[in-house]
Amino acid sequence: MMKFISEFRDPARARALAGEIKKLAGGRWFNLMEICGTHTVSIFRSGLKSLLPPTIRLLSGPGCPVCVTPQRTIDSIIARARKPSTIIATFGDMLNVPGTTSSLREEKARGADIRLIYSPLECLTVARANPEKQVVFLAIGFETTIPSAAATLLSAGRSGLSNFFLVPAGRLIPPAMEFLLAGEETRIDGFLCPGHVSVIIGTEPYREIAERFGIPCVIAGFEALDILAAIRELLLMIDEGKAGVRNLYPRAVREEGNPRARKIMAEVFEVADAEWRGLGTIPRSGFILRPEFVGYDIDLVQPVEIPPAEENPLCICGQILRGTAEPDDCPAFRTACAPSHPLGPCMVSSEGTCAAWYQYGGDSVISNR
Amino acid sequence: MELKNKITLEHGSGSREARELISNLLLPGFKNRYLAPLADAASFKSPGDRLAFTTDSFVVSPLFFPGGDIGKLAVCGTVNDLAVAGARPIYLSCSFIIEENLDLSVFKQIVHSIGQWAKKAGVLIVTGDTKVVEAGNADKLYINTAGIGTVPDGLAFSPERVRTGDAVIISGTIAEHGLAVLAAREELDISPQLKSDCAPLNGLTEAMLKSGADIKMMRDPTRGGLAAVLNELAEGRNWGIELLESRLPVHARVKAALEILGLDPLSLASEGKLCAIVGEKDAERLVGVMKREPAGKRARIIGRVVREPRSMVILETEAGGRRIVDWPRGAPIPRIC
């Protein structure tokens, strides 16, 4: 197994790639956006910024599922957690996200029944064991995660479980990329496209974006060499004036993606306009349940009253998700806002940009010796 | 009267049942002449001029995990706290807080484990206590141990003595205890099974001290792993620590499991490892000494003390990049996509 990790971190090859990147960049400034939170974390964990010339700016896009979930969704799930008849099932990253007045962790401390799960299918075990309770799964995530939520729902239906529900909060990546490019708020010279999402959606959805906006897109794996190779590829494409999609992660991503996962997803969900934290409403960017499955949508079956949601006014997560600011630009970073007392989700999620800057250092401390 | 098969409130009440639990189970389990009189306090001659004294509580869940149990942990934890302070552990206390209805067979097994590991570590359990609380007021069993050890003359562990260029040594592979307990608790199906490294370190530390090497500091990277102990050492100092990821000993299976879970080996606990900061010129020789001890077989230098950046821990990554090693954040939670 280790054979498939170490060679993707080989320091000699990393240095060689970094050298080529420096030469290609030739002192010019480039804004490259990695659209996936796992890329962000990998870039920081392997210290790649210290290997790259300072003129290559890596912007973190809206690719952290927890971070883009609107405050209103978080508030409603917190309100729901307070009901004694409810068990909330969620991925662990959601626990510390601050709602307007509380967080799931605080509710858990006050006695709410909140289960951390690793796979949505675990919800069914919980639902079976607690027939008198409603088990509500917070279905956040992108094209990577949503198929398993769909499979869980179908499985609940087949086994006749009547106490499993979900909050459909899934999002699609390509519409967010289009939105950022169309907004022209940030100059983006190339996209490092998400590996996991691409495993599902394949290469095609990026092609239209690449052609329409004349922008190079490179699908990359998550190891240090994967990312460096993708950056080099982006610079080559920029210099050749080539818009298009290149897949540098063929060991996981096929051109056609995973049609079976997409089929299950489409069986259960349909695409609709959706709100993203920091970006607002993006057309056709979210998943809602198909009419025949709306009985699983807890917000429709049993709406909760919540006061208007408020984001902390000091928090600039929105700008960070759009790539218009970096954590160092935020006056609250490392002071009013830290992992132990986060103001916004970017500091909470293990894939959040602020959390990565905080934990691994995004500044001069670790710059080239 | 025969012991019933569950721990009840009577076992902690000063009743006949309580006395029987002590006489039939704890006394034979911990057998030694200081405990035998069952007095309110153990009485002994001072084992040395300079003593070290420590205490630790153990609340691990589950009580049994691959490679150990709460009893073994309660002995090794306190023995190791003394050992890395440079002391030779001699006497331990052992107190139980038990949730009623705990299976007596479970308690017996843990008492047996404590006795066995105390013997292996060469320490005596000389005093203790047993309390039982109502069901729901504790999670099965908590143990507190305190320990006394003797400190050799002239021992001068102090972060004040750390200098640029000093070596950072680890005694073996890291992150095993944290991962094994996490896997057992979350019932993660990792096969083959990963074992905790829980083990006493006093044999190793004795050999290290005997070598005469210029050891400036020793710590055992338990909660929070190496990331926590090294940050604790570096904080507020006019030096920093630079680690080399390629030098970190991590068992291949552990590394693979951590990759999948998205966890950093630097922030997971070991319970049978120590790290030491050692004068540059003694470092290689000390590693040689450590390797001859069972607890130090995979000892190696993993980094050094640097002038800049000060007060911080920096990692040179496998890929050759550099990043901060910060204090671990909360409980390790696997990533979601």
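Here is how names work: the chains are called A, B, and so on, in the same order as the sequence lines, proteins then strands, and each is numbered from 1.
More than 12 heavy atoms of other residues, nucleotides or ligands sit less than 6.0 Å from atom CZ of B:R310. More than 12 heavy atoms of other shown residues, nucleotides or ligands fall within 6.0 angstrom of atom CD in B:E100. Residue-environment remark: CD (B:E284) stays at or below the threshold of 12 foreign heavy atoms within 6.0 Å. Heavy atoms from other residues, nucleotides or ligands lying under 6.0 Å from CZ of B:R247 number more than 12. Annotation for A:R13: atom CZ does not count as buried by contact number, only 12 or fewer foreign heavy atoms lying within 6.0 Å.
A salt bridge links A:R9 with B:E259; the closest basic N to acidic carboxylate O contact falls under 4.0 Å.
When every heavy atom of A:A14 is checked against every heavy atom of B:A319, the shortest pair comes out as CB-O, 3.1 Å.
With hydrogens and angles disregarded, a donor-acceptor distance shorter than 3.5 Å links the side chain of A:S50 to the backbone of B:R322.
With rounding to the nearest 0.5 angstrom, the CZ atom of A:R45 is 10.0 Å from the CD atom of B:E318. Residue B:R323 holds its CZ atom at 14.0 Å from CD1 of A:I43, rounded to the nearest 0.5 Å. Distance OH/A:Y118 to CG/B:L261: 7.5 Å, rounded to 0.5 Å. Note that CG of B:D264 and CD of A:Q359 are 7.5 Å apart. Values are rounded to the nearest 0.5 Å. Note: B:D326 CG to A:Y358 OH = 6.0 Å, rounded to the nearest 0.5 Å.
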